[in-house]
Visitor: 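Quick one: the structure is below, and I'll ask about it shortly.
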Amino acid sequence: MGSVVEKSALIICGDYMEDFEVMVPFQVLQAFGVRVDCVSPTKLPGQKCFTAIHVSLGFEHYSELPGHLFTLNSNFNEVEVGCYDALVIPGGRFSELFSVDERVLSIVKAFAEAGKPIVTTCHSQLILAAAGLLKGKKCTAFASMKPVIELAGGIWWEQPGITSPFDITACLKDGNILSSIGWPAHAEILKTLFESMGARIHTTKANSVLFLCGDYVEDYEFNVPFRALQALGCKVDAVTPSKKKGETCVTAIHDDEGAQAFSEKRGHNLVITANWSDVSVYDYDCLVVPGGRSPELLVMNDKAVTLVKEFAERNRVIAGVGQGQWLLAAAGVLKGKRCASGDGMKVMVKMGGGELEESKGCVSDGKLVTAVGWPALPYFISHLSKLLGLSLSFE
C-alpha cells in the first residue's frame with residue numbers, strides 16, 4: 001500500500017453515522033496508501049462510535065438497524081487542517097448534532113477556505129449548510145434535504161431516473177464540494193475523491209470481477225472491495241445460484257463486541273447484478289468469495305463449487321476473505337498454497353491442504369489472495385489490485 005506522494009484524509013465521526021459511509025472510504029483510502037484519521041468531538045482515540053445501517057425493508061421510510069462499533073484513531077482536539085488533503089463527513093443522524101457544534105463547523109470551514117475536497121453523503125450536507133458553504137453551490141443529498149440546501153442558498157440537483165436505492169450512482173462535484181445521495185454511489189464517490197486528491201489510476205487492461213455471494217454474506221467483505229474495484233474502473237458483478245438479476249441478498253454484520261466469537265446482526269441488502277445462467281468464466285478475470293455465513297450455504301451447492309473449480313482450471317485470479325476459505329477449500333483451490341486465515345477457518349485451510357501464515361492478515365500466492373476477515377480489507381484490496389494490474393498514484 002503506497003503512493004508517489006503521501007496523502008492523508010480526515011473523517012469526522014459520530015454516533016449513528018451510516019456504517020458504509022464511514023468504513024468504505026476509511027478502508028479503501030488506506031488500501032492505496034492514504035493515511036486516514038478518524039475523530040469525534042468529546043471522544044478520544046481508541047473509543048468507539050455506534051454506526052447505523054440504513055436500508056429499505058419495505059416500509060415508506062428506510063429502516064435504521066444497529067451496525068458496527070467503529071474505533072476512532074485520532075484526537076479531535078489535535079486536528080490541524082493543513083495536515084490533510086481531504087475531508088469526509090459520513091451521513092447519519094449524528095450530523096444533526098454536529099451541525100450546531102462550532103468546533104466541527106470551524107474545521108469544515110477551514111477545509112473549504114483551503115479549497116480541499118469535502119465529501120458529504122445523505123444527511124451530512126446539513127453541516128455544509130450550517131457552515132454557510134452552500135450558497136451558489138450545486139448539491140445533492142437524500143431527498144428530504146432539498147429544502148435545507150435551497151434555504152442555505154444552494155442549488156438542488158437530483159440524479160434522474162432513480163426508482164430504487166440501487167439506481168443511485170452519482171457523485172456531484174461543484175468546486176471542492178462532493179455530494180451524493182448515499183452509500184450506493186460509493187464507486188463514483190471514491191473515483192471523484194481520488195481525482196480531486198490528484199490521483200491517477202493505472203491499469204494494464206480492462207478487468208471484470210465476479211463476486212460469488214449468498215444470503216448472510218459478510219457486509220464489509222462484499223461491499224468494500226466491490227465498490228473499490230468499481231472505482232478503479234472494473235466491471236464488477238454479484239451472482240448467486242438461487243437468485244436472479246435484480247433480486248437481493250441480505251448481508252450479515254460480524255463485529256467484536258467482547259464475546260468469544262464475533263456477534264452477528266443483519267446488514268444492508270445487496271443487489272444481484274447477473275443471472276447465474278448467463279455467467280461464463282471466460283467473461284471474468286477474477287472471482288472473489290467474501291466471508292460471512294454464505295460460504296457455508298454455497299459449499300452445499302454443486303454449481304457454486306464447480307464455478308470455483310472452473311476459475312482455478314482457467315488460471316484466473318481467485319480471492320477469498322474470512323469464511324470464504326470454506327468454499328475455496330472445498331473446491332481444492334487452497335492445496336499447496338500459502339494462506340491467511342482467522343481462527344474460525346484454520347482447520348478448514350489445513351484440511352484443504354493450505355499452508356497457514358499465522359502472522360499475516362493477507363497473503364498472495366500465485367493467483368490466489370486470502371485475508372483473515374474484514375479488518376484486513378485494505379491489504380486485501382491492495383494485493384488483489386496488484387494481481388489485476390491496477391494501481392493508483394498521487395501527484
Visitor: Tell me yes or no: between the side chains of T163 and D167, is some donor less than 3.5 Å from an acceptor?
Guide: yes
Visitor: Answer yes when D174 and K138 have at least one side-chain N-carboxylate O distance shorter than 4.0 Å, and no when they do not.
Guide: no
Visitor: Do the side chain of D219 and the main chain of A252 share a donor and acceptor less than 3.5 angstrom apart?
Guide: no
Visitor: Does E264 come within less than 4.0 Å of R293, counting only side-chain N to carboxylate O?
Guide: yes
Visitor: Any chance the side chains of S263 and D255 put a donor and an acceptor closer than 3.5 Å?
Guide: no
Visitor: Short question: side chain of E247, backbone of K243 - any donor-acceptor pair under 3.5 Å?
Guide: no
Visitor: Does a donor on one side chain sit under 3.5 Å from an acceptor on the other, for Y220 and H68?
Guide: yes
Visitor: Between K350 and E355, does at least one N-O distance fall below 4.0 Å, as a salt bridge requires?
Guide: no
Visitor: Just wondering, are more than 12 heavy atoms of other shown residues or ligands nearer than 6.0 Å to OH in Y216?
Guide: no
Visitor: Could you tell me if Q125 and S179 have a donor-acceptor pair between their side chains, going purely by distance under 3.5 Å?
Guide: no
Visitor: Between F211 and F226, is the gap from one ring center to the other below 6.0 Å?
Guide: yes
Visitor: Between W183 and H268, is the ring centre distance below 6.0 Å?
Guide: yes
